[in-house]
Each structure stands twice: as C-alpha cells, then as structure tokens.
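Data first, discussion second: the structure below is written as structure tokens.
The first residue of the sequence shown is numbered 1, and numbering continues consecutively from there.
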Amino acid sequence: MSYRADIDGLRALAVLGVVLYHLGGFGLSGGYGGVDVFFVISGYLITHIVKSEIETGTFSFAHFYERRIRRIAPALFVVLIVSTVLAAALLLPVAFQEFGKSLQAVLILNANYYFARKTGYFAATSEEKPLLHTWSLAVEEQFYILFPLILFALMTRRPKAVVPVLAAVFAASMLLSLHQVTTTPAPAFFSTAGRAWELLLGALLAFMPTHSQPKQDWKEAAGWGGVFLILAGYLTYDQSTLFPGPSAAIFCFGAALVIYAGIDGQMTPAGRILSLPPLVRVGQLSYSLYLWHWPLLVFWRYRFGDSGTWRQSAGLLLASLALAALSWRYIERPFRRGHAVPSRRIFTLFGAATAALSVLAIAVIKSDGAPARWPADTAALLIERRLPDEQVCKTLAGAEAWRKEICVLGNSEKIDLVVWGDSHARMFIDPISQAISTDGKSALVAWLGACPPLVGVTLYGRSKSASCQAFSEFVLKYIEHMHPRRVVISARWAHYMAGAPSKIDGGVPIILSPDGMAQNAKVAEKLLTETIERIQAAGSEVMIIGPVPEQGFLVASRIARSRAWNQDLPPELPLAEYLERQKNVLPFLRRLSASRNIRLILPDRYFCDQISCRYANDGKPLYFDHDHLNPYGMEVLAPIVRDILTFPAS
C-alpha cells in the first residue's frame, strides 16, 4: 500500500496522548485513549496488507507471522532485558517477584489477562508495575493469532461474506464491551474480546472502496472531525470514565474518520497538519516510545519519587524520546528490513530469546524476589512474617477441600470461637494462635480472599463466585451444626459496599448486583442481615469487626524505600477521607449492631485521631500492603484480640 504520512501523524497523536497522560500535569486526563487509536490504525494497516496479498495470491502465514515477530519482538525483548536488570537493581522483593510473574505473562502473550487479575489500569499500585503497558501488545497479538486465519478462509471461500461477518463480529464485540464495562469495569479494560471491535473497525475500513468517494468538503470535515473527537476525549475523559465500552467510540471513530479522509490518497487540511515532519517523526518512533516510556517512568519514580514538577515530566519525556530514537535506529529498522537476521533464522532466534527470558522469569519467581539483595532490616519491613499455615493450623475434618482456607487453632475438640471473613479475617490467625496456645481454648478461622462473609452472595463477572457461595454456605452450616459460643465476622467492608470504582480497591471492584456497583450497599446490607439472623438462630453470639483504614499506597514498600533511599513518605490518611470511604459501611454497621444486639468493634479507634489515620509506628509499617495489617499492625489491635477471646463466665 502507498505510504501515508498522515497515519504516522495519527500515530504521533496516539502515543503522545498516552505518554503525556502517564507523565501527568499536561491536562490530558483522557490520554489513555491513545491506545484505542493505535488499535484502529493497526486493524486498518494490517488488514489492508493481508487483503492485498490474498487478492494477489502472495499471502503466506509464515511470512505474516515473521513480519509480526520482526515488528514486535526485537524492541520488546530489549526493553524486557533492560527492565529485568533495572528491576533486579531497584525493586524490593515483593515487587521483584511480581515483576517476574508479569514478565512470564508477557512472554506467553497473556499480559492483559494477568494484569486484569492483579490490578486495574488506574489503580494506585499500577505505578509499581514496569510491564503494565504490555497489556495492549497482548491484545493485538491474541487478535492476530486468529484474525488472518479467519480472513483468509472468508476471502478464499466466501468472499461476499467477508464484510457481513466482520461487521457481525464487530457488533458482537461492541455489545460485549458494553456489558463488561458495566459489570466488570476493571477486567473489561484488558479484554481482548471486548477490544476486538476497535481493531475490526480498522479492518472494515480496509474493505471500503477507494473509488466514488464523497466530495472534498465532506472529507475535510471528516479529517477535522476525527482530530477533534480524539482531542476532546483526551481533554474531557478521566479515570472515573467507564472505559472502554461506548466511551471508547470517541477515540476509535475519531481515528477512523482521519484514516477515511485520506483513503483515496488525496490529502485533506487535517491530513497535511498530521503530515508535518515533527509529527511524522514521532509517529515513526511511536512503538519504541510506547515501549520505553512506561518502564522508565516507573523505575524513576520508584527510585527517586514523583516530584510532580513539569521539569521532571519534561526530562522523562525527552529521555523516552531519546531511547525511542535509538531503539528505532538500531533495533527496529535493522530487524524489520531483514538486515540483522535472515528469514530462516528469525523463528529460531525468537524461540531461543523467549525460552531464555522465561527461565529468568521463573528464577525470579522461585527466589521470592531475591530478598538477599537488600539489607535484612529493610527486607524485614516487607515480609508478612506469619508462620506457615501447616505449622499453625490443623485441618478440619470434612473440610479437606478448604485445607488452606479453614484453620483450626488449639487442641480442644469443641470449637468455642469462629472467625469468618475474607483475607482480613486471615490477619487474626497468628495473634489468636499465640493467645490461645496456653489457655486451652480453641478457635476456627475461615477465610477466603475477596469473598465477603455473606451467604448467597454472587460476585458478578468473577469466576470465583461459585466457590465463594460454596465456601460461605459451608461455614454457615458448620456454625449451625456445631453451635460455637461466638462468631466474629471480619471483612474489608467498603470493598463490597462501595458504589463506584476506586483506586483504593486496586481498580478491580467487586460487583454484587446485576444492576451494577450502585446497588452494592443495598445487596450487602440485606445479605449480612440474613447471615446474622441464621448465626443467631444457631445460638451463637455475633461480633463484627469494623473496617481497617485503607491506605492508598503500598505501605511497607514505601517505608522500606524511604529507609533505603531517604524518600519522602506520603501524608497520613485524612480522617475525612476515611469516613467518606466508609460512608456506606459505618452507619449500616451501627444500625445493625443496635437492632440485632451485636457487638461492633471498630479498629479505627486504634489507628485514627481527630485528624488522620496513621500507617506506621516509630518508623515501622503497620500494613504489608495497602489494607492488610502486618504483625506490627496486629499488635495495635491486641485489645481487640483480647476482646474476641474473652468469654463471659458460664
């Protein structure tokens, strides 16, 4: 196909949106939509090439995938190698182990689904993930594994069905994206099936006839309109925008209009602006710029902190452009033109490099992030330091399926106390184990991560919903059968009762209603009330542990980095911000405790004063991440543990 400088300019518009958004401070609160522009461009260009080769009988699957390897792999592998070296030098053990897992996911083209499980794109902790940006490469490569096969089959056997089939899949993907973004907004961001329509929009453009085009003024309007839509999305969207879904259309159709305006080879005024040499040059560097800017930004901020100044952002932008220029000149161009490696060796080299990096990733994972790289006093701040479950917990007879999630403490055959909840209940295992080791009491701690202690709960869009339901029903039936004296319920309540996505949820919110998060609080109130009624009907006293203040950053990591590099620490969590986060939780728990004769224990009284909620004591972190307490934090809650274990005289 004929070279179009305006498409390189469109690439520049896309990559600058993403990079400036990540750098912050440039007013492009919706710049993340530049990735969607890339998807449309990619769908158009690759489909146009494949279509032309099929029509002329020159298409080869081997040649197609060779081109993909030459286009994507060399620059990517160099970034992965450099990132691994920097990760080994800078990342603390927990983050380094997570880096190893993400590296493994990148190599098997699964980065998008890996990050969908681990964190949301907009989560605060995303800024500690150097390979997060590779999710978009995974989406493209997953798409291009199947798309050429489908296109070849259609064009050679049912040529008249090509456009209708692509249009039907386009519509189905768009509807799926709409469904996902309203039910599982964070995973929807990374979904290949939900993003396929963006690539297919570009593919459909490649099948548009270039003859009998509309009048020039219509094309000029399309060009300007496309640029306007993209810029409008950059300036008006932000992290609270439900995305992708219909919101992505502003970027995708904007890109499509720009491509369409010049599809006959005639330049429009908007196309001439996009064809200016500086924009074309940035467009040519766009892939390498996209690859380099995010790891550079993450490692810099991890080591030196984020000053938030325009000088720092400008410096990182210039450094990213310099690395991109070197990558394009000495890596991208030689490999794409075949100068560096001949065709007969490209697959062998690709396989060998993938295998070597895979071994490296496994080594990082198995080493637990290589804690020996750090001084013992620094590394100790990061470790949860709980005893392995098999040394503390006995298995409950009949609960072998929940061997890790149900922990029996003590020697008595009669369970006096049940602590039930999500991973926040898990925090009580060690202090309860230590407290009852000499007094002859017994307890059972039942916990399942991200599973609220609500019988009959459904986690919409989550694969673990069925196991959560089964676990909750098992625990409640055990309580009804064994009649323990006391049942303590502990959970990350706001995680289940928040009405909208939040960074503090890791960008991966829980949804309890088919009508979306707005109904979470109502559903949780109903189910918790019903759950408590059943517990009380079994003759057990009920205690509820209220919310632990959640921090917006990884506490142990930040304190360890502060100790190692003298970085400034974030301010303490304002009390008003904590109360706002718990606005659906605290009033309900107070009403419930009063109406159902339940004892409500609020941990915030041990962490918060009239101004703020602390996250450290004497330089020691109270959390090992942003919401789970470490042993130092559980020491603060020692009075609560004593209350839990103190029974009235019989």
Side-chain angles (χ1 to χ4, degrees), residues 22-25 82-103 115 118-120 122-133 293-309 311-313 315-316 319 364-365 367-385 503-504 506-507 549-574 607 612-633 636:
H22 286 155
L23 288 172
V82 173
S83 295
T84 302
V85 172
L86 291 173
L90 297 175
L91 296 186
L92 293 158
V94 174
F96 190 40
Q97 186 178 41
E98 287 298 318
F99 174 86
K101 294 176 182 177
S102 66
L103 175 60
F115 289 117
K118 288 291 181 178
T119 187
F122 302 110
T125 54
S126 294
E127 294 187 1
E128 295 190 3
K129 300 183 183 301
L131 303 181
L132 175 65
H133 65 319
H293 86 281
W294 180 251
L296 180 64
L297 176 63
V298 168
F299 286 121
W300 178 273
R301 288 178 174 171
Y302 195 89
R303 172 59 182 85
F304 299 105
D306 182 10
S307 68
T309 65
R311 287 185 178 88
Q312 184 188 75
S313 296
L316 289 169
V364 172
I365 297 167
S367 71
D368 294 327
R373 295 173 301 125
W374 289 86
D377 62 337
T378 301
L381 299 174
L382 302 159
I383 301 173
E384 190 177 348
R385 295 191 297 133
K503 271 193 170 186
I504 210 164
E550 301 161 289
Q551 306 296 331
F553 60 97
L554 298 174
V555 175
S557 172
R558 289 295 292 271
I559 291 178
R561 287 151 56 191
S562 175
R563 178 174 297 184
W565 300 317
N566 198 32
Q567 287 185 9
D568 292 335
L569 288 171
E572 291 184 337
L573 175 71
F607 290 90
S612 62
C613 302
R614 71 186 188 278
Y615 56 75
N617 271 349
D618 299 324
K620 295 179 180 179
L622 303 179
Y623 300 74
F624 68 84
D625 57 10
H626 38 64
D627 64 282
H628 295 91
L629 299 175
N630 63 12
Y632 300 125
V636 174

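Counting heavy atoms from C-beta outward, Arg311 and Leu316 have side chains that stay 4.5 Å or more apart. Looking at Leu622 and Asn617, their side chains come closer than 4.5 Å, going by heavy atoms from C-beta outward. Between Ser83 and Pro295 there is a side-chain heavy-atom pair separated by less than 4.5 Å. Looking at heavy atoms from C-beta onward, Glu128 lies in side-chain contact with Ser557 at the 4.5 angstrom threshold.
In this structure, the separation between CD1 on Ile365 and CD on Glu98 is 9.0 Å, given to the nearest 0.5 Å. Separating the CD atom in Glu550 from the SG atom in Cys613 is a distance of 11.0 Å, to the nearest 0.5 Å. Within the model, atoms CZ of Arg561 and CG of Asp568 stand 12.0 Å from one another, a figure rounded to the nearest 0.5 Å. Arg303 contributes atom CZ, which lies 12.5 Å from atom CG of Leu86 (distance to the nearest 0.5 angstrom). Atom CG in Leu91 sits 10.5 Å away from atom NZ in Lys129 (nearest 0.5 Å).
Using modelled atom types, one side-chain atom of Ser562 and one backbone atom of Gln567 make a donor-acceptor pair closer than 3.5 Å. Here the side chain of Arg373 pairs a donor or acceptor atom with the backbone of Ala88 at under 3.5 angstrom. Proximity of a side-chain donor or acceptor of Tyr302 to a complementary backbone N or O of Leu92 within less than 3.5 Å is detected. Remark: the backbone N or O of His626 is not paired with any side-chain donor or acceptor of Gln551 at under 3.5 angstrom.
Each of Leu629, Ile559, Asn630 was compared with Tyr623 under the side chain to side chain contact (heavy atoms under 4.5 Å, CB included) criterion, and only Leu629 meets it.
The local environment of NZ in Lys101 is crowded, with over 12 non-hydrogen atoms from other residues, nucleotides or ligands closer than 6.0 Å.
Classified by interplanar angle (parallel below 30°, tilted 30° to 60°, perpendicular above 60°), the ring pair His22/Trp294 is tilted. Ring-plane geometry between Phe96 and Phe99 is classed as parallel, the angle between the planes falling under 30 degrees on a 0 to 90 degree scale with a further cut at 60.
Under the side chain to side chain donor-acceptor pair (under 3.5 Å) criterion, Arg301 pairs with no residue at all, not counting sequence neighbours.
Between Phe607 and Tyr615, the ring centre distance reaches or exceeds 6.0 Å.
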